[in-house]
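Structure first, commentary second.
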Amino acid sequence: MRYPVYLINKKFYYLLFGLALLAWRLIINYSHDLIPGIGGGYYPVQIRAILETGKLAFRDMPLYFYLNALIVKMIWLISGAENDQVILHVTRILDSMIPPLMVIPFYKLSSRFTGDDLKWYFEIPALAYATLSIAPLFMVAEASKNSSAYPLMAFFLFYMFEFFRERSSTKTFFAVLFLILTGLTHFGVFTVSLTILLISLSVFYRVRAIPIIVIIVVASLGFVYLFDPGRLDSMLWVPVTLFRNAMFRYGPETYSLITYPATLIILSCALIILLRRKMKPERYDRKVFVILLISIGFFSLPVLGREYFNRFSMILFIPMFILILQLLSISARGIKWVIVITIFLTVASSFIYMIIKPKTPALSQDAYADLKKFGNMLEKPSSTLVIPRHGIEWWTTWELRTKIGGTGSLDQESFRKYDQVLVLVHKKGSYHKNMPVHFAIKEPKISGDHKVFYESDHFLAVEIDSTDLSFYSE
């Protein structure tokens, strides 16, 4: 990349964009007393469970939680005091610090695919897309696990493509290592990474790749089962569920829609280049180009199920960064500026969306204070089952130390396991207007006569006994 004398080399820009993303995430994480997002309370609950019991409270891919727990434990040992507030601060800080580290593999990818040949005014838009488009901005606080897998996936792609270039044992080791670390962090990011690997093997080795693909798929299924059997069930049912409730029928979430036009434009530009440019079929860069085109194209299909589409759209910016670099390196000047303008509009739209619909907690500060009052009335929290709506359940078990369940989890067995069963209705003090539509916030609705255990402006808690399960959720 040729820089004017008044500009510093490109390492400075990668550092600058990493710091910008760090600042953004810190601002979001500390914008409220509670961790923002409907799942903001999930992480403290899991981390505290590790510290107290040595294992997760709920089955999940464990790496991110254990990393948090390790740091909290070190702080506790140094300070000599075990304070739950440390857990809240650590998870906020790690969530802010880890995702910006992806600028390191982004820099390595850029150096490999463009060297110093791409002009700064083309490389900076590519970097802006990779760090300041909707996914890095939106996947914060409640999505710590997701976004913490981003740098790992980027490192995996770098070493995977390096392996296909050099076939060295060192590259193989690091590619496998980062794929495993990605899997230990987040299931969805692992799935996309694994799919890109399988597509890459097919493009580079064709029919010869079939045996190794079978081995990798079987090993991946066993790997997922080892840590979260429920996820394995999801993987096995993917052929059935992948196209259910197709995106083109039900529409994507707004945050997914922000990047979709850019994805279609960039894929179209890539397809034009592939069809028009005379590149030798065996050329390495062309094969990488084809792999990215197929991978991004598949995960962007409008016939994918709406939920899958939304989730994939928050991961695709990583392979998109590589494709954008390649396009800006080989395209005619007109196509380059189409891509640059598209990126500018996408990044601007991402910031506008985040300003209009900022990340907010599942509970207001007043409602959380009221939740504490409700908790003070519980005689035996550890043997009490509370059934709230989604979003409140994490803060309920965090603050009250009760067991939690969904409205579908209440049966006769519940009354044998717990001394008290309460259905908690959230009446006031939430941020529903800022929650994505797919969360579909639903409060438990109580029918029949039940003993009111607690009632205030914010909550209604009723006690359910084993003779009457006449409550339902709408």
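When reading the values below, keep in mind they use all heavy atoms of this one structure, side chains included, and skip hydrogens, waters and symmetry mates.
Looking at V192 and F312, their side chains come closer than 4.5 Å, going by heavy atoms from C-beta outward. For the pair N68 and R48, the minimum side-chain heavy-atom distance is 4.5 Å or more. Looking at heavy atoms from C-beta onward, L15 lies out of side-chain contact with V103 at the 4.5 angstrom threshold. V189 has its side chain within reach of S193: a pair of non-hydrogen atoms, C-beta onward, lies under 4.5 Å apart. No side-chain heavy atom of M247 sits less than 4.5 Å from a side-chain heavy atom of V303. A heavy-atom distance below 4.5 Å is not found between the side chains of F178 and F158. With contacts defined as side-chain heavy-atom distances shorter than 4.5 Å, the pair K145/D60 qualifies. Side-chain contact between Y42 and E142 is absent, with no heavy-atom pair separated by less than 4.5 Å.
Using a distance-only test at 3.5 Å, with no hydrogens or angles considered, no donor-acceptor pair links the side chain of K171 to the main chain of Y159. Not a single donor-acceptor pair under 3.5 Å links the side chain of S295 to the backbone N or O of L292. At distances below 3.5 Å, not a single donor-acceptor pair connects side-chain atoms of S329 with backbone N or O atoms of T114. Although no hydrogens or angles enter the test, the distance criterion places no donor-acceptor pair under 3.5 Å between the side chain of T91 and the main chain of I87. Q46 places a side-chain N or O within 3.5 Å of a backbone atom of F58 that can act as its donor or acceptor partner. Within the 3.5 Å criterion, the main-chain N or O of P252 finds no donor-acceptor partner in the side chain of S256. Remark: the backbone N or O of S168 is paired with a side-chain donor or acceptor of T172 at under 3.5 angstrom. No donor-acceptor pair under 3.5 Å is formed between the side chain of Q326 and the backbone N or O of I324. A donor-acceptor contact shorter than 3.5 Å links the side chain of D95 to the backbone of A141. Looking only at distances, a side-chain donor or acceptor of W24 sits under 3.5 Å from a matching main-chain atom of L137.
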Exercise. Take Y107 and S111 through the side-chain contact (heavy atoms from CB on, under 4.5 Å) test and state the conclusion after the steps.
Key: CA-CA 6 Å; Y107 175 80; S111 298; 3.7 Å; yes

Self-check item: Derivation of the side-chain contact (heavy atoms from CB on, under 4.5 Å) call for D228 and F187
Solution: CA-CA 9 Å; D228 191 351; F187 174 72; over 6 Å; no

Quiz prompt | Residues F122, W337; criterion ring pair (Phe, Tyr, Trp, His ring centres under 6.0 Å); working and verdict | solution = CA-CA 8 Å; F122 288 131; W337 283 110; 5.2 Å; yes

Quiz item: Yes or no on side-chain contact (heavy atoms from CB on, under 4.5 Å) for K11 and L16, after CA distance, side-chain angles and deciding distance?
Solution: CA-CA 9 Å; K11 288 183 180 179; L16 186 64; over 6 Å; no

Practice problem: Tell me, with the steps shown, if V72 and I50 meet side-chain contact (heavy atoms from CB on, under 4.5 Å). | Solution: CA-CA 11 Å; V72 171; I50 294 171; over 6 Å; no

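Contact between F156 and A175 at its shortest, heavy atoms only, is CD1-O, 3.2 Å. What you find for A270 and F289 is that their closest heavy atoms are O-CE2, 3.3 Å. Of all heavy-atom pairs spanning L56 and Y66, the tightest one is N-OH, 4.2 Å. P44 approaches L88 most closely through the heavy-atom pair CG-CD2, 3.5 Å. Residues R208 and P211 share a closest heavy-atom pair of O-CD, 3.4 Å. Here the closest heavy-atom approach between residue T191 and residue T195 is recorded as O-OG1, 2.8 Å.
No close placement of the Y368 and H32 rings is indicated, their centers lying 6.0 Å or farther apart. Remark: aromatic rings of F299 and Y308 are distant, center separation not under 6.0 Å. Not less than 6.0 angstrom separates the ring centroid of Y43 from the ring centroid of W398. Ring to ring, F106 and F321 are close: their centroids are under 6.0 angstrom apart.
Surrounding CZ of F223 are more than 12 heavy atoms belonging to other residues, nucleotides or ligands, all under 6.0 Å away. Taking a 6.0 Å sphere around CZ of R167, one finds it holds more than 12 heavy atoms contributed by other residues, nucleotides or ligands. The environment of F298 atom CZ is dense: over 12 non-hydrogen atoms of other residues, nucleotides or ligands sit within 6.0 angstrom. Other residues, nucleotides and ligands contribute only 12 or fewer heavy atoms inside 6.0 Å of the CE atom of M97.
Taking the six-membered ring where the residue is Trp, H390 and W394 present perpendicular rings, their angle passing 60° and hence far from 30°. The aromatic rings of W120 and Y13 lie parallel to each other, with less than 30° between the two planes, well short of the 60° mark. The aromatic rings of H89 and Y30 lie parallel to each other, with less than 30° between the two planes, well short of the 60° mark.
One finds the CZ atom of R25 at 9.5 Å from the CD1 atom of I98 (value rounded to the nearest 0.5 Å). Put simply, CG on L328 and SG on C269 are 9.5 Å apart, with the number rounded to the nearest 0.5 Å. Note that the CD1 atom of I213 and the OG atom of S200 stand 10.0 Å from one another [nearest 0.5 Å]. One distance of note links NZ of K55 with CZ of F65; it measures 15.5 Å at 0.5 Å rounding. The line from CG of N29 to CD1 of I35 is 7.0 Å long, rounded to the nearest 0.5 Å. Between the CZ atom in R286 and the CG atom in L293 there is a gap of 10.0 Å [rounded to 0.5 Å].
K359 forms a cation-pi arrangement with F138, by the criterion of a distance under 6.0 Å to the ring centre and an angle within 45° of the ring axis. A cation-pi arrangement is not found for R59 relative to F227, the charged atom failing to lie both closer than 6.0 Å to the ring centre and inside a 45° cone about the ring normal.
Under the 4.0 Å criterion applied to side-chain N and carboxylate O atoms, R306 and E253 are assigned as salt-bridge partners. Ionic pairing of K119 and E123 is not present here: no N-O contact between side-chain nitrogen and carboxylate oxygen is shorter than 4.0 angstrom.
Applying the ring pair (Phe, Tyr, Trp, His ring centres under 6.0 Å) test between Y260 and each of F248, F309, F317 identifies F309 as the sole match.
S313 and Y255 are not linked by any side-chain donor-acceptor pair at a separation below 3.5 angstrom, with hydrogens and angles left out of the test.
Partners of P125 under the side-chain contact (heavy atoms from CB on, under 4.5 Å) rule, at least two apart in sequence or in another chain, are V340, I343.
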